[in-house]
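What follows is a short report on a single structure.
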Amino acid sequence: MNEHVRVNNVSTPTLPDAQTVTSVKHWTDRLFSFRVTRPASLRFRSGEFVMIGLMGDPDPKTGKQKPLLRAYSIASPAWDDELEFYSIKVQDGPLTSKLQHIQPGDQIILRPKPVGTLVHDALLPGKRLWFFATGTGIAPFASLIREPQTYEDYDEVILTHTCRDVAELEYGRQLVDSLKDDPLIGELVGDKLRYYPTTTREQSPRMGRITAKLRSGELFADLGVPPISPETDRAMVCGSMGLNTDLKEILEGFGLREGANSDPAEYVVEKAFVG
Ligand code: A2P
């Protein structure tokens, strides 16, 4: 596990919409990340997602294969030469049961039509930006914490990440740690980014669901910041359906309204890919 394999001479894609895998890293038996070549024409806003996948098994009758595609947040920033993705492995999941076996040099299908609501354009200007993630919901924020606009637009950026156990936090933890020394963005990040990891099923310095910590006010006390207010605070949420529903209610309780690309407001939500 944790093998980071890389190929330098990537082969030219042959399938339509095919991209070549350049590296794969397995974080736990449930989680892995990988990087692929980026289509020269692909432009996206940090936080958006694309459809990616593999060819499915041949139809037993016709022998024809159909692409098996799912929505995946792009975890790399808009300025990166490659694209990064962070995925769960579901043993009987139609796509991830296969995708988890990709190796450098393999090809995946990537439809180059980025979309999504976890973008700066969907929020009104504010002072403090919250990123609330559970599990693989950290992927869009892995992009946004590497996006210069995040630090140009806000005085303070707080990333919370809640996972079942400590090992599942590692992808986010290593990324946050690496930003301070990042030659491209380190200076811009400075002390603006704060990281608040919690676990729910394994002992760690901070335990519990983020929703409980928001309701009790423990989160604000721990960070030494005032409670969320619509005048100063903006939020982006990405996790399971349950997390998203609960956080919507909590954020609206603080007076924040849900925004969209066409109608920016104070918070935005998107479901993390599952399966
Ligand atoms: P819990 O262990 O209490 O269910 P998963 O791995 O199932 O995607 O979950 C990722 C993390 O999200 C877990 O720590 C889980 O906590 C937490 N979580 C799941 N549902 C909610 C919810 N409705 N509100 C807050 N946290 C949640």
Side-chain angles (χ1 to χ4, degrees), residues 1-2 25-34 47 49 52 70-75 84-97 99-100 116-118 129-145 158-176 194-223 227-228 233 235-254 256 258 267-275:
M1 235 157 260
N2 260 11
K25 186 161 180 170
H26 292 271
W27 297 88
T28 70
D29 57 5
R30 286 208 320 147
L31 295 165
F32 71 115
S33 62
F34 57 97
F49 64 83
I52 65 169
R70 295 286 183 273
Y72 268 85
S73 290
I74 302 172
E84 182 175 312
F85 298 97
Y86 183 52
S87 180
I88 194 144
K89 307 177 199 177
V90 180
Q91 294 319 325
D92 55 0
L95 178 60
T96 61
S97 60
L99 194 63
Q100 63 181 285
T117 58
L118 302 181
L129 179 59
W130 296 86
F131 294 138
F132 293 107
T134 57
T136 56
I138 196 172
F141 307 134
S143 174
L144 282 156
I145 61 171
I158 301 168
L159 168 66
T160 83
H161 191 201
T162 302
C163 291
R164 294 180 187 187
D165 52 49
V166 174
E168 293 183 342
L169 291 169
E170 200 54 24
Y171 172 76
R173 183 186 301 282
Q174 284 190 19
L175 180 59
V176 169
R194 304 184 66 186
Y195 174 57
Y196 190 92
T198 81
T199 57
T200 51
R201 303 193 193 182
E202 186 188 4
Q203 198 66 41
S204 76
R206 284 223 172 85
M207 293 208 55
R209 288 185 164 196
I210 201 68
T211 43
K213 293 183 183 295
L214 273 160
R215 287 194 178 106
S216 68
E218 189 186 336
L219 175 64
F220 309 123
D222 283 349
L223 291 167
I228 289 177
D233 294 72
M236 296 193 187
V237 180
C238 190
S240 64
M241 202 56 110
L243 180 273
N244 291 358
T245 311
D246 291 354
L247 261 178
K248 271 169 93 115
E249 189 200 304
I250 292 170
L251 294 174
E252 287 179 12
F254 284 120
L256 273 56
E258 186 168 4
Y267 81 92
V268 281
V269 184
E270 209 150 70
K271 195 160 87 65
F273 169 68
V274 278

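Numbering of ligands and ligand atoms starts at 1, following listing order. Side chains are part of it too, since the values below use all heavy atoms of this structure and drop only hydrogens, waters and symmetry mates.
Under a 4.0 Å heavy-atom criterion, Asp246 is in contact with ligand 1. Ligand 1 has at least one atom lying under 4.0 Å from a heavy atom of Arg30.
The shortest heavy-atom contact between Phe49 and Gly116 is CE2-CA, 3.9 Å. The two atoms that bring His161 and Glu168 nearest to each other are CE1-O, 3.9 Å, heavy atoms only.
Numbered from 1 in the order shown, with element, the atoms of ligand 1 that lie under 4.0 Å from a heavy atom of Arg201 read 1 (P), 2 (O), 4 (O). The Ser240 neighbourhood of ligand 1 comprises atoms 20 (N), with distances under 4.0 Å to a heavy atom of that residue. Atoms of ligand 1 found under 4.0 Å from any heavy atom of Thr134, numbered from 1 in the order shown, are 11 (C), 12 (O). Contact atoms of ligand 1 toward Cys163: 14 (O) (distance under 4.0 Å to a heavy atom of the residue). Of all atoms in ligand 1, numbered sequentially from 1 with element shown, those under 4.0 Å from a heavy atom of Thr211 are 24 (N), 25 (C).
Using a 4.0 Å cut-off between heavy atoms, Leu243 contacts ligand 1 through both its backbone and its side chain. Contacts between Thr162 and ligand 1, counted as non-hydrogen atom pairs separated by less than 4.0 Å, involve both the backbone and the side chain.
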inquiry  = Between Asp222 and Arg206, does the salt bridge (charged side-chain N to carboxylate O under 4.0 Å, His left out) criterion hold? Intermediate values first, please.
reply    = CA-CA 10 Å; Asp222 283 349; Arg206 284 223 172 85; 3.2 Å; yes

Working for ring pair (Phe, Tyr, Trp, His ring centres under 6.0 Å), residues Phe34 and Tyr171 = CA-CA 12 Å; Phe34 57 97; Tyr171 172 76; over 10 Å; no

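A salt bridge is defined here as a Lys NZ or Arg NE, NH1 or NH2 lying under 4.0 Å from an Asp or Glu carboxylate O, and Glu202 with Arg164 fails to meet this definition.
Contact of the Leu219 side chain with the Ile158 side chain is not registered, since no non-hydrogen atoms from C-beta on lie closer than 4.5 Å.
Atom 4 (O) of ligand 1 has its nearest heavy-atom neighbour, among Arg209, Lys213, Glu168, in Arg209. For the residues Leu169, Thr198, Thr200, the heavy atom positioned nearest atom 1 (P) of ligand 1 is part of Thr200.
In this pair, Phe141 and Phe131 present their aromatic rings parallel. The plane angle is below 30°, not in the 30 to 60° band.
One finds the CG atom of Asp92 at 7.5 Å from the OG atom of Ser97 (value rounded to the nearest 0.5 Å).
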